[in-house]
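All remarks here apply to the structure that follows.
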Amino acid sequence: GESVGLHLPTLSVQEGDNSIINCAYSNSASDYFIWYKQESGKGPQFIIDIRSNMDKRQGQRVTVLLNKTVKHLSLQIAATQPGDSAVYFCAESISGNTGKLIFGQGTTLQVKP
Amino acid sequence: EAQVTQNPRYLITVTGKKLTVTCSQNMNHEYMSWYRQDPGLGLRQIYYSMNVEVTDKGDVPEGYKVSRKEKRNFPLILESPSPNQTSLYFCASRGRGRGETQYFGPGTRLLVL
């Protein structure tokens with residue numbers, strides 16, 4: 001069945017280093033992918049998205065890479081800061097059904113000072 | 001300020017006692033969704049709505065009802081709550097386009113005894 005999963009439940013990085021959070025998806029019909037950040041006690045917050053006709057998209061300090069061949073998505077955070085500590089979720093949208101999102105289980109990013 | 005509001009934020013109830021969690025957005029968004037978040041399971045979509053009077057089931061709709069009589073409101077109804085519905089619930093909304101950011105509410109923590 002369709003699923004969106006993350007390879008590692010917790011990622012610990014040193015402040016200033018780059019972080020890479022990975023996500024695997026299994027539904028080849030998915031054509032829109034989103035990364036969310038969730039801080040403790042808050043709702044998920046949009047970070048960046050990418051459509052399936054793109055391989056890479058950059059935002060402010062964040063980059064999302066999409067490899068459709070292996071159904072893999074990654075979020076790269078440059079110069080990780082303590083404020084980046086949170087749970088990160090990837091989500092996929094099924095083509096033709098824009099109301100439905102499937103989320104991965106989440107990766108906790110811990111930034112060490 | 002653009003926002004999604006949910007009420008109540010915290011609720012303790014007993015099995016079988018009907019309850020409603022309200023959700024309201026002030027961004028004139030067409031799409032609204034309800035999710036539940038459970039440890040180890042991430043965010044799972046309960047129901048979503050693509051416009052007034054248009055709703056559809058997500059991944060875990062059993063035991064829930066929704067209505068969309070007005071564009072801004074999307075209440076979640078638990079007709080007969082059970083302990084397995086103890087969870088953290090999020091409402092979300094976004095505009096019609098695929099690239100529109102999805103905004104999440106602050107969450108409602110529900111405990112069913």
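Residue numbers start from 1 in every chain, and the chains themselves are labelled A, B, ... in the order their sequence lines are given, proteins ahead of strands.
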Student check: side-chain heavy atoms of A:K42 and B:F90 closer than 4.5 Å: no
Rounded distance [0.5 Å steps], OH in B:Y48 versus CG in A:L101: 10.0 Å
is_close_aromatic(A:F46, B:F104), centroid dist under 6.0 Å: no
Heavy atoms of other groups near B:R109 CZ, more than 12 under 6.0 Å: no
In one Ile/Leu/Val/Met/Phe/Trp/Tyr side-chain cluster, 4.5 Å: A:L65, A:V13: no
Single-linkage hydrophobic cluster, 4.5 Å side-chain cutoff, B:W34 and B:L19 together: yes
Residues, nucleotides or ligands: over 12 heavy atoms within 6.0 Å of B:E53 CD: yes
Path from A:L73 to A:M54 over hydrophobic side-chain contacts below 4.5 Å: yes
Interatomic spacing from CD1 in A:I34 to CZ in B:R94 - rounded to 0.5 Å: 7.5 Å
Under 3.5 Å side-chain donor-acceptor pair for A:Q45 and B:Y103: no
Polar side-chain atom of A:Q105 near backbone of B:G42 as donor-acceptor pair, under 3.5 Å: no
Part of B:E30 within contact of chain A (heavy atom distance under 4.5 Å): neither
Common cluster, A:I48/A:L11, ILVMFWY with side-chain heavy-atom separation under 4.5 Å: yes
Rounded distance [0.5 Å steps], CG in B:L41 versus CZ in A:F103: 14.0 Å
